[in-house]
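Everything below concerns the one structure shown next.
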There are 2 protein chains.
Amino acid sequence: MASLTRTIERYINDLFDEVEEHSVSLRRKELAEIFGCVPSQINYVLRSRFTPERGYLVESQRGGHGYIKILRITYNLPEEKISHIEDIVGETISEQEARRLLATLQERGILEPRERLLIEVALRHAEDLGSSEFDISPYKRSFIQAELLKRMLRSLVLS
Amino acid sequence: MASLTRTIERYINDLFDEVEEHSVSLRRKELAEIFGCVPSQINYVLRSRFTPERGYLVESQRGGHGYIKILRITYNLPEEKISHIEDIVGETISEQEARRLLATLQERGILEPRERLLIEVALRHAEDLGSSEFDISPYKRSFIQAELLKRMLRSLVLS
DNA sequence: GTATAGTTGACTAATATTGACCAATGGCGT
DNA sequence: ACGCCATTGGTCAATATTAGTCAACTATAC
């Protein structure tokens, strides 16, 4: 049994491929009927899959002529991409957040698999060192890892 | 008695051979039932065998329709190549030696420029942290950097 | 005999799905 | 203009389902 959420996510991604635009529009109720689910399921898909972390923004309007519009974030300059990445990583980052971000970046073709691997190895090394070798607090470890991650991603964007 | 961990490891490796893909997907609970063990045993196998350092990445999701996906980025790690890395890098390494090694590897086409960049950034970060943030001796810093370098090169299985 | 690796299970955390209730918008009748 | 109300999307909480963590215990290797 396939996951409803993933099915709807794929459907929306296919829409993006078809229109070849930076945005797609849809009607929540219609989409829910297509997939035979409650309308709020669509909100769940948007909230969990089409987030800024994954490079999307969502606009919507209620009432008559209501709609949902999904925008794919684009960058005109490398600096914009860097600042977006820095926003997402933030001051500190959990191992889980970091891994998810890397998966997304690979998914979007920003990172090669081998590059993702190198970054994960470096983060893990920092974690190992901070937790066992030295006795760094979890907060500071996540701060250090955020800094390392930002540096590595920054270097790639500029290369 | 063959170890459960090794048995499950072989099972997953066989899956890779069968599907001839870069990734395989599992359900933790199913796998545990196949081998008649507790689910957390699967986590142990993943943690100890399918690590980034060995060229694998693991993605997973909890909840409904949860899964575990193992990605094989690099593999076929011949023991002699790995020990070769250990020999070249050694116990400690200076920044200069590291740079020279990376330049050579890139010239030989073993490392992509972006991969070299990632490694240099990680080494630099370790150096910065060890010298200014904490107060680590130069010897220990070069030891830590050698360890990091070896881990990153090992993950890519270079010779 | 000690250190390392493997095994187990109780407890924790995250994700997907559903539905009842809430909020906003615009058209239409007055 | 105003207000009703049909229409459209949003929020939240309950529940089921799945994976993760951690620490104690056992087995194996040196």
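Quick note on labels: first sequence line is chain A, next is B, and so on, each numbered from 1. Just so you know, these numbers come straight off a predicted model, no measurement behind them.
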Once salt bridge (charged side-chain N to carboxylate O under 4.0 Å, His left out) is applied, what residue pairs with a partner in residues 55-64 of chain A remain, sequence neighbours excluded?
none

B:Glu33 CD to C:dT8 P, in whole Å, measures 15 Å

To the nearest Å, how far apart are B:Tyr44 OH and C:dA5 P?
7 Å

Could you give the angle between the helix axes at the two ends of the helix from C:dG1-D:dC30 to C:dT30-D:dA1, with five pairs per end, rounded to 10 degrees?
30°

Between atom CG of A:Leu129 and atom CD of B:Glu147, what is the distance when rounded to the nearest 0.5 Å?
9.0 Å

Atom CG of B:Leu46 and atom P of D:dT18: how far apart are they, to the nearest Å?
18 Å

Side-chain N,O (A:Arg100) to OP1/OP2 (C:dT15) below 4.0 Å
yes

Interatomic distance, A:Arg6 CZ vs C:dT17 C1' [rounded to whole Å]:
13 Å

Contacts of B:Ser132 that satisfy side chain to side chain contact (heavy atoms under 4.5 Å, CB included) - sequence neighbours left out:
none

Does B:Leu57 share a hydrophobic cluster with A:Leu156, counting links as ILVMFWY side-chain heavy atoms below 4.5 Å and allowing steps through other members?
yes

Output a table of donor-acceptor pairs, distance under 3.5 Å, between side-chain atoms of residues 29-46 of chain B and any protein atom two or more places apart or on a different chain; print 'none' if there are none.
from	atom 1	to	atom 2	distance (Å)
B:Gln41	NE2	B:Thr5	OG1	3.0
B:Asn43	OD1	B:Arg28	NH1	2.6

Could you give the CD-to-P distance, from A:Glu97 to C:dA13, as a whole number of Å?
15 Å

Taking atom P of D:dT18 as reference, at what distance in whole Å does atom CG of A:Leu4 sit?
15 Å

Sort and list the pairs that fulfil salt bridge (charged side-chain N to carboxylate O under 4.0 Å, His left out) and have at least one residue in residues 84-109 of chain A, not counting sequence neighbours.
A:Glu86-A:Arg154

A:Glu115 bridged to B:Arg114 by N-O distance under 4.0 Å
yes

Check the distance between C:dG6's C1' and B:Arg10's CZ and give it to me in whole angstrom.
15 Å

Return each pair, listed once, that meets salt bridge (charged side-chain N to carboxylate O under 4.0 Å, His left out) where at least one residue sits in residues 1-10 of chain A; pairs must be two or more places apart or across chains.
A:Glu9-A:Arg49, A:Glu9-A:Arg54

With sequence neighbours left out, write down each residue that passes side chain to side chain contact (heavy atoms under 4.5 Å, CB included) with A:Ser83, or none if nothing qualifies.
none

Using a cut-off of strictly less than 4.0 Å between a heavy atom of the residue and any atom of DNA chain C, enumerate the qualifying residues of residues 35-42 of chain A by number.
A:Val38, A:Ser40, A:Gln41

When rounded to whole Å, the CD to P distance for the pair A:Glu95 and D:dC22 reads 10 Å

Under the rule for side chain to side chain contact (heavy atoms under 4.5 Å, CB included), what residues qualify as partners of A:Tyr67, not counting sequence neighbours?
A:Gln61, A:Lys69

By the salt bridge (charged side-chain N to carboxylate O under 4.0 Å, His left out) test, which pairs, at least two apart or in different chains, include something from residues 124-135 of chain B?
A:Lys140-B:Glu133, A:Arg151-B:Asp128, B:Glu127-B:Arg141

Under the ring pair (Phe, Tyr, Trp, His ring centres under 6.0 Å) test, residues paired with A:Phe50 that sit two or more places apart
A:Tyr56

For a quick check of understanding: with a heavy-atom distance under 4.0 Å over all strands, which category does B:Arg47 fall into, base, sugar-phosphate or nothing?
nothing

DNA chain C: B:Ser48 or A:Ser48, which has the more 5' nearest nucleotide?
B:Ser48

Pull out every protein N or O sitting under 3.5 Å from an N or O of nucleotides 6-9 of chain D, one pair per line with the distance.
from	atom 1	to	atom 2	distance (Å)
D:dT8	O4'	A:Gly63	O	3.2
D:dT8	O2	A:Gly63	N	2.9
D:dG9	OP1	A:Arg28	N	2.9
D:dG9	OP2	A:Lys29	N	3.2
D:dG9	N7	A:Arg28	NH2	3.4
D:dG9	N2	A:Arg62	NH1	3.0

Below the 4.0 Å mark, does D:dT28 have OP1 or OP2 next to a side-chain nitrogen or oxygen of B:Ser3?
no

